[in-house]
> 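This structure is in structure tokens; I'll ask about it shortly.
All figures in this text were calculated on a predicted structure; none of them were measured in a lab. The analysis underlying the following values was restricted to heavy atoms, covering all of them including side chains, and did not include hydrogens, waters or symmetry mates. Each residue takes its place number in the sequence, starting with 1.
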Amino acid sequence: MNKKFAIAASTLLLAVALAACGSQGNDSAAKDEGTSATASSGDVQAVTLKASNFEFDQKEIRVKKGQTVKLTLENSQGMHGVEIPDLKVKLDSPGSTEFVADKEGTYEFKCSIMCGTGHNDMVGKIIVE
């Protein structure tokens, strides 16, 4: 009986993990209405990153050193977050955050919410020039 319960519990957990990327997230972030995914306004550079099943719409983002960046995450499919560990940036749900790109270099961004089998493929890079 315990073996059957363990198998049933494991199957249920696997189904929930795999469904995370396929479910529709609550997208309360403002929609990008035909504007560029990266736009500069004064001293703030706006970047909109859209996440869907196992991918971001941008694999590379370029910003200027010293620039304040407003990063907005939108989920079109599934539940995703975005994290740039080396720049101490993390969004675990749709929305926006601001940070200063104060160090030149290339930094990895990745999905911060375990979303299923393709989770490890949800990566990109931000280049601070």
> With sequence neighbours excluded, give me every side-chain hydrogen bond (donor to acceptor under 3.5 Å, both in side chains) pair touching residues 86-103.
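Non-adjacent pairs meeting side-chain hydrogen bond (donor to acceptor under 3.5 Å, both in side chains): T72-S96, D92-S112.
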
> Distance check, rounded to the nearest 0.5 Å: I127 atom CD1 versus Y107 atom OH?
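I127 CD1 to Y107 OH: 11.0 Å, rounded to 0.5 Å.
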
> Roughly how far apart are K59 NZ and I126 CD1, rounded to 0.5 Å?
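Answer rounded to 0.5 Å: 15.0 Å.
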
> Of all residues at least two apart in sequence or in a different chain, which pass the side chain to side chain donor-acceptor pair (under 3.5 Å) check with D121?
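Residues passing side chain to side chain donor-acceptor pair (under 3.5 Å) with D121: none at all.
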
> From L87 CG over to E108 CD, what is the distance, rounded to the nearest 0.5 angstrom?
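So the CG of L87 and the CD of E108 are separated by 11.5 Å.
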
> Are I61 and L73 connected, step by step, through hydrophobic side chains (Ile, Leu, Val, Met, Phe, Trp, Tyr) whose heavy atoms are closer than 4.5 Å?
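Looking at the clustering, L73 is in the same group as I61.
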
> As an exercise, state the distance from OG1 of T48 to NZ of K70, rounded to the nearest 0.5 Å.
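It comes to 8.5 Å.
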
> Is Q58 close to E60 at the side-chain level, that is, under 4.5 Å between some pair of heavy atoms?
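In short, these two side chains do not touch, never coming nearer than 4.5 Å.
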
> Which residues pass the side chain to side chain donor-acceptor pair (under 3.5 Å) test with E129, not counting sequence neighbours?
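Checked E129 against side chain to side chain donor-acceptor pair (under 3.5 Å); matches are R62.
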
> List in chain and number order the residues that pass ring pair (Phe, Tyr, Trp, His ring centres under 6.0 Å) with F56, two or more places apart in sequence or in another chain; answer none if no residue qualifies.
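Testing F56 for ring pair (Phe, Tyr, Trp, His ring centres under 6.0 Å), a comparison that skips the adjacent residues, returns F109.
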
> Could you work out, with side-chain contact (heavy atoms from CB on, under 4.5 Å) as the rule, every residue matching E104, not counting sequence neighbours?
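Only K65 meet the side-chain contact (heavy atoms from CB on, under 4.5 Å) criterion with E104.
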
> Do the non-hydrogen side-chain atoms of M79 and C115 ever get within less than 4.5 Å of each other?
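Counting from C-beta outward, M79 and C115 never come under 4.5 Å.
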
> Quick one: closest heavy-atom pair of V100 and G66, and the distance?
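Taking every non-hydrogen atom into account, CG1-O, 3.9 Å.
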
> I need the D57 CG to L49 CG distance, nearest 0.5 Å.
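Reported value, rounded in 0.5 Å steps: 5.5 Å.
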
> Do L71 and V89 come close enough that some side-chain heavy atom pair is under 4.5 Å?
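Counting from C-beta outward, L71 and V89 do come under 4.5 Å.
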
> Nearest 0.5 Å please: distance from the CE atom of M114 over to the NE2 atom of H119.
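With rounding to 0.5 Å, CE (M114) is 6.0 Å from NE2 (H119).
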
> Output yes when a side-chain donor or acceptor of H80 lies under 3.5 Å from a complementary backbone atom of S52, and no otherwise.
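Yes, the answer is positive, given that a donor and an acceptor are paired below the 3.5 Å cut-off.
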
> Using every non-hydrogen atom in the two residues, find where A101 and V69 come nearest and quote the distance to one decimal.
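In terms of heavy atoms, the two residues are closest at CB-CG2, 4.3 Å.
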
